[in-house]
Amino acid sequence: MALAPLGPRPQPERLRNDPMNDSALAELGNKDNADPLYAVRHSLAHVLAQAVLEMRPGSTRGFGPPIDNGFYYDFVLSAPITPEDFPELESRMKDIIKAGQRFEREDLEVPAALARLEAMGEPYKAEYARELADRHGLTRLGFYTNGPFVDMCDGPHVGHTGKLPRGAFKIRSVAGAYWRGSEANQMMTRIYCWAYADKVTLEAEVKRHEEGLRRDHKKLGPQLDLYVIDPAIGKGLPLWMPNGTVIREELEKLAKEMEFQDAYQRVATPHVTLESLYYMSGHLPYYKASMFPPMVLEEAGEAGGEAVRETYYLKPMNCPHHHRIFAARKRSYRDLPLRLAEYGQVYRFEDHGALSGLLRVRGMCMNDAHIYCTEAQIEDEFLKVMRMHERYFEMLGIADFYMRLSLWDPDDPKGREKYVDNPAAWERTQNLVRQAMQKSGLPFVEVKGEAAFYGPKIDIQLKTVTGREETFSTNQLDFAVPGADRMNLVYTGPDGAEHHPYVIHRAPLGTHERFIAYLIEHFGGAFPTWLAPLQVRILPISERFNDYAARLDGELRRAQVRADVDRSDDKVGKKIREALTSKIPVVLVVGEQEQEGGTVTVRRYGEDAQASMPFSRFLAEIRAEIDGRVMRRAPGA
RNA sequence: GCCCUUGUAGCUCAGUAGGUAGAGCACUUCCUUGGUAAGGAAGAGGUCACCGGUUCGAAUCCGGUCAAGGGCUCCA
């Protein structure tokens, strides 16, 4: 395959969010004990906890596992810790390191372990110990002691705290986190900490992180006039500025071309719909919490007649609408696969605390399509969609992703609210998707509990500049919604009988909001020419050349190139600076020489060499570059 | 929704023993017509997020609300 993704992350997502850093995980054999950093981070977590308990006596502890860039530790604190306390905390940690406390292991029988944890006043640790015993059948639990500090823990640790690199950690932030990751539980205070093997690495990583923040779409987006989020409109409801709208439309144009080639047909559907549709589709039972509250219309009836009452919802998904388009005609197996595509606006009522820039919004426009097909066609169609993903990602230079086969979780206690109850169909469709993926040769990881309510899916996971992993694209198989008890979609088979089609829901370019957020960070705001809001800035040396510049501008616009003229009375240096900070791909400098010869001097973003050439040649070159969606530079360079 | 932090001009930020606001950039006007990362001068611009309290007096202290950011849960 053309793309070489970095491949599956070694550690499945769920382990990160359910940090069983203690005995159970070691017993299950999942922990990477080979990594010496693991022991360092794990040990530092104990050192942090010791320092926190010194500073806030009476606090109790949750989990404290190593993570990607360091570790964290959860506490129920007797008094708050704020960033102002970080220096003191760090200095106490350094004192503990200096003291060279030995890490001593001791294994206790479960009853003794429980007694000890109760005596320590650690109810959360005790709860977990009970679970390890009851659910995982452990009979002995490990304890590590260093100096005055004791923690239930399976290790591994360094020999003594003196072995920990003193300058290679840094407290990063405090955050809230629910005990065991469930909102029904106590909210704890989580202290995040960077930690690396040595000071140089730490400083480099922290610096890398800080530089990354400069590419943050929340910073660059408004700076480059791509979008604003205006409280007057509502939270999570971005306004797209002219520049951002150009990017949306270029992506849509690309999608339309690609989908046309693969024989999709475009449709258009309204933003609001009657409640009954969402009962039919199953969204209201499964998805209500993510939907905006309904609009209820009431009209008094004609004299004596009954009152008319209608309930509408903003649509959270486009699928039910597309399904009704499928159902609007009698369909034959000869019509399948039927591919309906729409860049569809949807509204989801996300918790306000979850909103973040363009990444998590309440109104979004989705690169949506639904493919209605038979079971025999699933594999081909699924693979075709995966190939489309690949073409997009290659075109955009996106390589740092992994694919996740998102499965249902039969053991989820809320399973009946989250997933359609049909174990046999889940098993069958999961196998179908798994087989298709194996056939594609694309690497993927499997994660339970990430499926849609109606079926398994392949999610494409990317990391934002702030280190957060998000799903940007998705390719889902739906066995449930077309069924008799929901939308009841049917086609006539060769046997003359009616059958339910399968549906593939796919959004390789995700939503404009999230995908463009990624692209802003990916390109650091310096978009390839075909995507750039302004492609060419014409820069006259002085006002005397404004007319020549205007003629070129007109020519470029006639050729559908997005150009403008810098008519300010600033000096050339200033105009150049302005063009560079706006990350415009091409600057044409024109003065005496250029006007005389009908030429332009071309200065490209990120390239030092300049070239003078006849304007006609430049026009042909830029046109070809745009048409070919050429990427001249590595993203973000 | 929950935990923590933040909220001064369009942007980046000053303004802590509480005494009714300041800089740079951007913007407007004028001078300058300048060949590759900031030419000069003047001007305009703020209900210090909002509401309430303490005080003779609040950007500053206290409470609440709203919004944003970092997390958790949830998700494209």
Side-chain angles (χ1 to χ4, degrees), chain A residues 17 72 74-77 80-84 172-192 213 216 218-219 222-223 225 228-232 234-236 287 289-290 316-317 346 348-362 364-368 406 414 418 449-450 452 457 459-462 466-468 470-474 476 505-515 517-518 539-546 568-581 587 589-594 601 603 608 610 612:
Chain A
N17 291 336
Y72 66 77
D74 290 341
F75 303 90
V76 176
L77 294 170
I81 280 182
T82 72
E84 282 172 20
R172 182 153 59 117
S173 59
V174 284
Y178 297 108
W179 165 240
R180 305 307 303 274
S182 165
E183 60 189 328
N185 291 341
Q186 165 89 33
M187 174 60 70
M188 304 181 121
T189 302
R190 176 169 296 179
I191 300 179
Y192 281 98
L213 294 188
D216 190 331
K218 292 186 288 295
K219 215 169 169 57
Q223 223 171 62
D225 268 335
V228 290
I229 292 178
D230 180 353
K235 41 183 183 273
Y287 210 74
S290 297
M317 286 182 173
V346 297
R348 297 184 185 178
F349 193 76
E350 300 287 343
D351 285 341
H352 92 265
L355 301 175
S356 176
L358 288 181
L359 274 179
R360 289 296 293 279
V361 292
R362 285 181 170 172
M364 68 213 89
C365 192
M366 195 180 273
N367 171 226
D368 217 349
S406 300
K414 287 196 214 154
K418 279 174 77 177
E450 294 287 348
K457 54 180 181 160
D459 291 315
I460 296 194
Q461 304 298 107
L462 290 167
T466 53
R468 196 191 324 202
E470 295 279 3
T471 301
F472 282 81
S473 316
T474 186
Q476 319 181 340
H505 307 237
R506 43 108 283 180
L509 296 178
T511 62
H512 278 322
E513 285 71 17
R514 187 174 286 182
F515 203 76
Y518 179 80
L539 197 157
I541 293 295
S542 82
E543 263 173 35
R544 285 170 37 223
F545 309 105
N546 280 359
S568 68
D569 70 347
D570 294 317
K571 291 191 166 187
V572 183
K574 180 66 179 299
K575 291 183 182 181
I576 292 279
R577 181 186 157 80
E578 169 61 25
L580 288 172
T581 53
V587 174
V589 181
V590 296
E592 188 85 49
Q593 297 161 25
E594 289 81 6
T601 296
R603 177 176 175 143
D608 290 332
Q610 300 184 54
S612 286

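Being a predicted model, the structure only gives us computed values, none of them experimental. Here is the naming used below: chain letters follow the sequence lines, and residue numbers restart at 1 for every chain.
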Between [M] and [N] - [atom1] atom distance, rounded Å:
N     : M     : atom1 : value
B:U8  : B:C4  : C1'   : 23 Å
B:G35 : B:C27 : C1'   : 27 Å
B:U54 : B:U16 : P     : 25 Å
B:G46 : B:G64 : P     : 31 Å

Any donor-acceptor N/O pair under 3.5 Å between [N] base and [X] side chain:
X      : N     : answer
A:E543 : B:G34 : no
A:E350 : B:A76 : yes
A:R544 : B:U33 : no
A:R190 : B:C4  : no

Over all strands shown, is [X] touching base, sugar-phosphate only, or nothing at heavy-atom distances under 4.0 angstrom?
X      : value
A:I81  : nothing
A:D569 : base
A:Q223 : nothing
A:G510 : nothing

Close side-chain approach of A:D74 to A:Q186, heavy-atom, < 4.5 Å = no
Is the shortest side-chain N/O distance from A:Y192 to OP1 or OP2 of B:C72 below 4.0 Å?
-> yes
OP1 or OP2 of B:A26 less than 4.0 angstrom from a side-chain nitrogen or oxygen of A:K574, does that happen here?
-> yes
Which nucleotide, in any strand shown, forms a Watson-Crick or G-U wobble pair with [N], with both distances under 3.5 Å?
N     : value
B:A67 : B:U6
B:G22 : B:C13
B:A41 : B:U29
B:C48 : none

Does A:P508 offer a backbone N or O that forms a donor-acceptor pair with the side chain of A:S473 under 3.5 Å?
-> yes
Would you check if the side chain of A:R362 reaches a backbone N or O of A:E350 as a donor-acceptor pair within less than 3.5 Å?
-> yes
Using whole Å, report how far CD of A:E592 lies from P of B:G34.
-> 10 Å
